[in-house]
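Down below is the structure, laid out as structure tokens.
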Amino acid sequence: MEYRFRDIEKKWQDWWKSNNVYKVSNDSPKPKYYVLDMFPYPSGAGLHVGHPLGYIASDIYARFKRLKGFNVLHPMGYDAFGLPAEQYAIEHGIHPAISTENNINNFRKQLDNIGFCFDWSREVRTSEPNFYKWTQWIFLNLFHSFYNRKTNKAEPIENLIKIFEAEGNYAELRSPNSELFSAAEWKSFDELKKQNILMDYRLSYCGYGEVNWCEALGTVLANDEVINGVSERGGHPVVKKKLRQWYLRITEYADRLLEGLQKVDFSDSMKEMQSNWIGKSSGAEIEFLVRNQKSGISLRVYTTRPDTIFGVDFMVIAPEHELVEQIKTSGQAKAVDEYIAYVKSRSERERMAEKKITGVFTGSYALNPFNVREIPIWISEYVLIGYGTGAIMAVPCGDQRDFLFAKHFNIPITNIIGSHYNGDEANPTKDAVLENSDFINGMVMKDAIDVVIQKLEEKGIGVRKVNYKMRDAAFSRQRYWGEPFPIIWKNGIAESLDDSELPVLLPHLDDLKPGPDGEGPLSNLAEWKNYKDGTREVNTMPGYAGSSWYFLRYMDPDNDKEFCSRKASDYWGQVDLYIGGTEHAVGHLLYSRMWTKFLYDMGLISHEEPYKRLVNQGMIQGSSRFVYRLNPEGSEEHIKKVREKYPNQIFFSYGLYEKYLAIGKASPWNFTPIVDQQFPGYIFKDEEGSDHINVSKIHVDVNIVDGVELDTKAFKKWKGGEFADAEFIYEDDGKYICGVEVEKMSKSKFNTVNPDDLVMKYGADTFRMYEMFLGPVEMSKPWDTKGIEGVHRFLKKLWRLFFKESSQVSPVGGDLEGAVWNEEKATDAELKVLHKTIKKIEEDTERFSFNTGVSTFMICVNDLTDLKCYKKEVLEQLLILLAPYAPHVSEELWSVLGNSGTVLDASFPKWNDKYLKETSKAYPVAINGKTRTELTLALDITQQQVEEIVMKDAIVTKWLEGKQPKKIIYVKNKMINVVV
RNA sequence: CCGGAUGUGGUGAAAUUGGUAGACACGUCAGACUUAGGAUCUGAUGCCGUAAGGUGUGGGGGUUCGAGUCCCUCCAUCCGGACCA
């Protein structure tokens with residue numbers, strides 16, 4: 001009977017479904033284990049071979065843990081709200097609810113094909129009211145909370161009101177925007193004022209701020225959704241705009257998010273990315289008095305290097321700085337105004353692209369607080385209003401930007417670091433001994449930092465200060481396809497809806513055009529917007545709202561009383577293993593960590609970090625294939641001439657293309673190849689000059705290319721016959737070879753490979769194992785289908801340990817025709833193969849090395865084939881090992897051997913040392929690391945016994961020539977070195 | 001520019017604590033069985049060399065009896081952040 005994977009896989013997938021094999025209970029005596037995948041955004045493009053990589057890895061691990069006796073939670077769901085569905089709706093006229101539903105169904109079908117062990121009864125969709133009800137509920141909890149800096153945790157806003165009523169607002173409580181007031185003053189404020197003050201403390205709050213506004217998408221974007229000044233989705237330009245927005249006060253959690261990284265098992269690069277994003281730096285804020293016609297102005301700067309205070313040669317403030325108007329002198333007013341106008345005319349993108357040194361002198365001087373030296377104040381766009389105080393003290397001998405600025409504008413440079421400064425570039429060292437520095441002369445810089453800060457604080461002109469790059473996260477979108485806010489506006493006050501009014505359903509809307517004044521589409525729906533005696537908030541929540549807590553919902557998906565019962569979250573606890581891509585490093589992962597900390601502060605869950613261990617699967621890149629078409633270009637006459645001779649499209653094989661270029665030989669058309677930088681390829685020019693033949697590189701579907709060889713027949717049919725008339729110039733061996741480049745996998749590059757096709761051709765088990773066999777899960781690599789045959793061959797070989805293959809067609813299951821397996825007792829040699837495999841598979845799987853795991857199976861099956869071992873005793877155990885990797889064939893053969901139920905309910909075999917011990921082993925011996933011989937020694941012997949045997953060995957004694965060895969090094973179990 | 005990662009045959013890659021580098025697989029070559037094979041099986045396969053032998057983990061240097069592995073330095077590729085004071 002042959003290995004009929006299609007029937008087998010269909011059979012077991014149906015069986016798993018109808019027997020609820022993967023349904024997980026919250027009530028089990030077994031220890032729990034939670035394996036989670038980053039749930040997908042169901043895009044219209046469907047799955048390509050890159051998507052399932054992480055799912056397969058987690059699936060293997062989840063099954064493995066189940067075999068090891070854990071109660072494993074392994075759920076899946078959909079991150080279904082978001083911008084792309086809405087963009088798609090606008091472009092194609094399909095309502096997001098419909099397209100999302102379609103895409104989900106399509107995803108599900110593709111996922112089911114691969115045979116995952118997800119517990120689909122726990123599926124969540126962020127766009128479902130029974131899910132986003134709780135997203136809204138958590139949002140309201142954030143809204144009703146503030147961060148108490150004294151207790152260092154989130155608390156109900158009532159606590160803050162009590163403090164205000166009793167003590168008023170004081171410095172330690174103060175939020176940057178809020179004023180200080182006494183308890184009595186607080187009581188005298190009217191409601192609007194009180195609410196405005198409270199808004200400065202709420203963990204989700206509404207405020208005005210500079211936001212990233214994307215005109216093309218018609219919405220604001222969070223900082224991590226903007227890459228190099230353009231939107232992550234679509235690459236549209238993004239500008240700064242002041243708008244009323246909802247925010248998440250994530251900055252209050254900056255320190256805890258940073259500290260928490262030490263408690264979790266993430267990769268170094270992931271931790272690095274997060275801590276860079278948080279961007280904690282410590283230093284001081286220093287007050288500089290400004291000397292000009294108006295008195296009493298002071299300029300506050302932030303610096304991490306207060307030790308360089310005597311090296312300050314100028315100050316720079318951001319063009320948007322609030323003191324610009326007051327600081328500019330009448331003499332410089334014109335120049336300053338012109339400069340500000342210039343800066344405004346430049347987009348964010350231009351600024352980043354061309355880093356010109358620009359700036360203008362304000363005419364005013366600041367005074368160094370220690371020696372009252374006059375320091376000119378400049379304005380320049382290289383100082384950002386958003387970071388620190390928007391003003392800096394410039395130390396050109398220590399900071400390269402300051403240095404270049406000083407050189408450019410001929411500002412004299414003070415050297416405070418002696419020979420460490422060479423006059424050609426700044427030196428940011430902290431190890432120099434200070435010079436020209438008044439009371440810190442002679443001190444090492446890094447020691448001087450604290451001394452200066454102390455002195456500043458004593459004199460009341462500065463304060464120690466920690467700064468973060470991270471900003472509060474913009475939490476509203478002017479879009480339709482997201483969670484509505486449970487907020488009503490009344491007389492300028494945001495009021496929360498009552499829990500009983502949740503969920504606030506997203507109303508149906510056919511026309512998704514934006515509302516007036518930069519508001520979202522919901523603004524157009526008056527009957528929905530007007531609610532009770534106020535108006536609803538018409539913005540919606542961003543894509544990351546639902547994903548910030550979805551991992552908790554899986555624990556208790558049907559609960560309609562709570563977002564997740566305490567009992568369920570206590571049982572499942574942290575996600576033990578979280579698998580996903582690095583692209584969420586600073587977005588989703590930070591937000592979900594913050595939400596978890598918040599829920600922990602509120603006493604709603606018992607753990608503070610959501611993910612215990614994070615594994616980042618690598619990206620599978622596309623391996624694009626190209627054909628090279630010759631296009632005549634230039635005068636009409638020339639084109640006609642060429643076309644007369646060659647009426648069809650001519651394609652050049654890659655090898656020839658390369659060859660002609662390499663040797664500079666004339667092509668068959670006598671066009672001399674020359675390199676032309678203007679074109680993305682090469683140009684073949686004719687002798688006359690302007691007329692030439694351009695070679696265009698065309699993406700060709702990887703699925704009609706076998707390795708690098710083009711299937712020319714399929715090519716002619718491809719794209720509805722666009723290339724039906726193609727003629728080919730072949731290699732010498734008559735093949736048409738394509739060019740290869742690694743790019744991002746995308747439909748437009750024709751380099752996507754659909755898993756469905758591979759599953760159809762080779763089966764899900766082969767596909768799963770091949771994806772793992774490609775290399776370490778964490779590594780990015782281009783997809784290459786060549787090689788899948790090897791894995792398929794392995795499964796067929798495995799099959800032949802159970803059945804003789806015959807061409808006769810037999811029904812699946814129950815029919816044991818051609819069975820070769822037997823119940824004989826296994827020999828030691830066979831058990832050795834088995835136990836070696838058990839040990840290796842356990843280790844490989846545990847340390848996530850699935851690629852070597854697959855190899856281990858191949859070696860095992862090769863060995864068993866060599867031994868002609870068809871014994872049930874061995875094979876049965878092997879099937880248990882294989883069940884996580886190739887679940888379908890394992891189930892089939894497991895039942896063939898007469899077992900009932902799923903193989904996953906078996907327990908993972910234990911390996912026995914007894915079978916792994918060698919009776920004897922050859923040890924190479926090296927003398928002075930040069931010469932080698934082999935000795936045969938027993939396995940468990942002592943160092944002393946080894947030395948005795950070595951010294952008795954004929955070859956060794958001959959080498960030693962009577963000399964005594966200095967030492968004999970017995971290295972573990974392999975090598976002995978004799979040093980003379 | 002800063003930070004992180006990676007660099008091993010024709011290809012994907014193994015080598016868990018420093019211990020016979022290249023497991024396993026693809027590809028290639030040769031052979032067997034075949035009317036045929038894109039089926040299956042056997043053998044060979046890092047490179048140079050007919051061979052003995054030499055050489056070999058991006059380059060250079062170091063530690064060690066011994067280095068793919070540890071240290072220094074340079075180079076290349078990928079990813080992330082970039083006027084963050």
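So you know, we letter chains A, B, ... as the sequences are listed, proteins then strands, and number each from 1. Values below: every heavy atom of this structure, side chains too, minus hydrogens, waters and symmetry copies.
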Tell me the interatomic distance from A:E272, atom CD, to B:C79, atom C1', rounded to whole angstroms.
13 Å

Heavy atoms only, 4.0 Å cut-off, all strands: where does A:K280 land among base, sugar-phosphate and nothing?
nothing

Okay, side chain of A:S275, backbone of A:E272: is any donor-acceptor separation there less than 3.5 Å?
yes

Atom NZ of A:K271 to atom P of B:G81: distance rounded to whole Å?
20 Å

Which of B:A85, B:C24, B:G12 is nearest the side chain of A:T304? It is B:A85

In RNA chain B, consecutive runs of at least three Watson-Crick or G-U pairs below 3.5 Å, as range with range, amount to B:1-7 with B:75-81, B:10-12 with B:24-26, B:27-32 with B:40-45, B:46-48 with B:53-55, B:58-62 with B:70-74

Using the P atom in both, what is the distance from B:G68 to B:G9, to the nearest Å?
14 Å

Should the ring pair A:F405 and A:Y382 be called parallel, tilted or perpendicular, given that the plane angle runs from 0 to 90° and is split at 30 and 60?
tilted

Within the pair A:K786 and B:G27, is there a side-chain N or O less than 4.0 Å away from OP1 or OP2?
no

Please list, for nucleotides 28-34 of chain B, all pairs of protein and nucleotide N/O atoms separated by less than 3.5 Å.
none

Mind jotting down which residue pairs meet the salt bridge (charged side-chain N to carboxylate O under 4.0 Å, His left out) criterion with at least one end in residues 769-788 of chain A? Sequence neighbours excluded, please.
A:D706-A:K786

Whole angstrom value for the distance that separates C1' of B:A13 from CD1 of A:I859:
13 Å

Would you mind telling me which of B:A15, B:C24, B:G27 lies closest to the side-chain atoms of A:R793?
B:G27

Using a 3.5 Å distance criterion without hydrogens, assess whether the side chain of A:S380 forms a donor-acceptor pair with backbone atoms of A:T358.
yes

Taking only the side-chain heavy atoms of A:W277 (C-beta and beyond), determine which of B:A25, B:A82, B:A13 contains the nearest atom.
B:A82

Residue pair A:I859 / A:K836, side-chain heavy-atom distance below 4.5 Å:
no

Check: A:Q274 side chain, A:L258 main-chain N or O, donor-acceptor pair, under 3.5 Å
no

Give A:S269 one of three labels, base, sugar-phosphate or nothing, depending on what nucleic acid heavy atoms sit under 4.0 Å from its own.
sugar-phosphate

Nucleotide B:A23, atom C1' - distance to CG of A:D844 in whole Å:
12 Å

Please state how far atom CE in A:M270 lies from atom P in B:G3, giving the value in whole angstrom units.
19 Å

Is the shortest side-chain N/O distance from A:Y302 to OP1 or OP2 of B:A85 below 4.0 Å?
no

Answer with base, sugar-phosphate or nothing: what part of the nucleic acid does A:N851 contact at a heavy-atom distance below 4.0 Å?
sugar-phosphate

Closest approach to the side chain of A:F773, judged atom by atom: which nucleotide of B:U16, B:A85, B:G12 is it?
B:G12

Syn or anti for B:G9 (syn when the glycosidic angle lies within 90° of 0)
syn

Does A:K430 offer a backbone N or O that forms a donor-acceptor pair with the side chain of A:K446 under 3.5 Å?
no

Quote, to the nearest angstrom, the P distance that separates B:U28 from B:A39.
11 Å

How are the rings of A:F848 and A:Y61 set relative to one another: parallel (under 30°), tilted (30 to 60°) or perpendicular (over 60°)?
tilted

Please report the distance separating the C1' of B:G53 from the corresponding atom of B:G62, rounded so that it comes out in whole Å.
29 Å

So which nucleotide from B:A39, B:C24, B:A15 ends up closest to the side chain of A:K796?
B:A39

Anything under 30° is parallel, anything over 60° is perpendicular, the rest tilted; go ahead and classify A:Y302 against A:Y387.
perpendicular

What nucleic acid atoms does A:E843 come within less than 4.0 Å of, heavy atoms only: base, sugar-phosphate, or nothing?
base

Quickly work out the A:K836 NZ to B:C24 C1' distance and round it to whole Å.
13 Å

Expressed in whole Å, how much space separates the P atoms belonging to B:A32 and B:U50?
27 Å

Whole-Å distance between B:C24 P and A:N862 CG?
8 Å

Quick one: which of B:A15, B:A85, B:G3 gets closest to the side chain of A:I392?
B:A85

What's the gap between B:C72 and B:U20 when it is taken at their P atoms, as a whole Å value?
25 Å

Taking the C1' atom in each of B:U64 and B:G49, what is the distance between them to the nearest angstrom?
32 Å

In whole Å, what is the span from the CE atom of A:M769 to the C1' atom of B:C26?
16 Å

Check: A:F266 and A:N616 side chains under 4.5 Å, non-hydrogen atoms
no

Among B:G3, B:A5, B:C41, the one nearest A:R800 by side-chain distance
B:C41

Would you call A:K797 and A:N862 a side-chain contact if the rule is heavy atoms closer than 4.5 Å?
yes

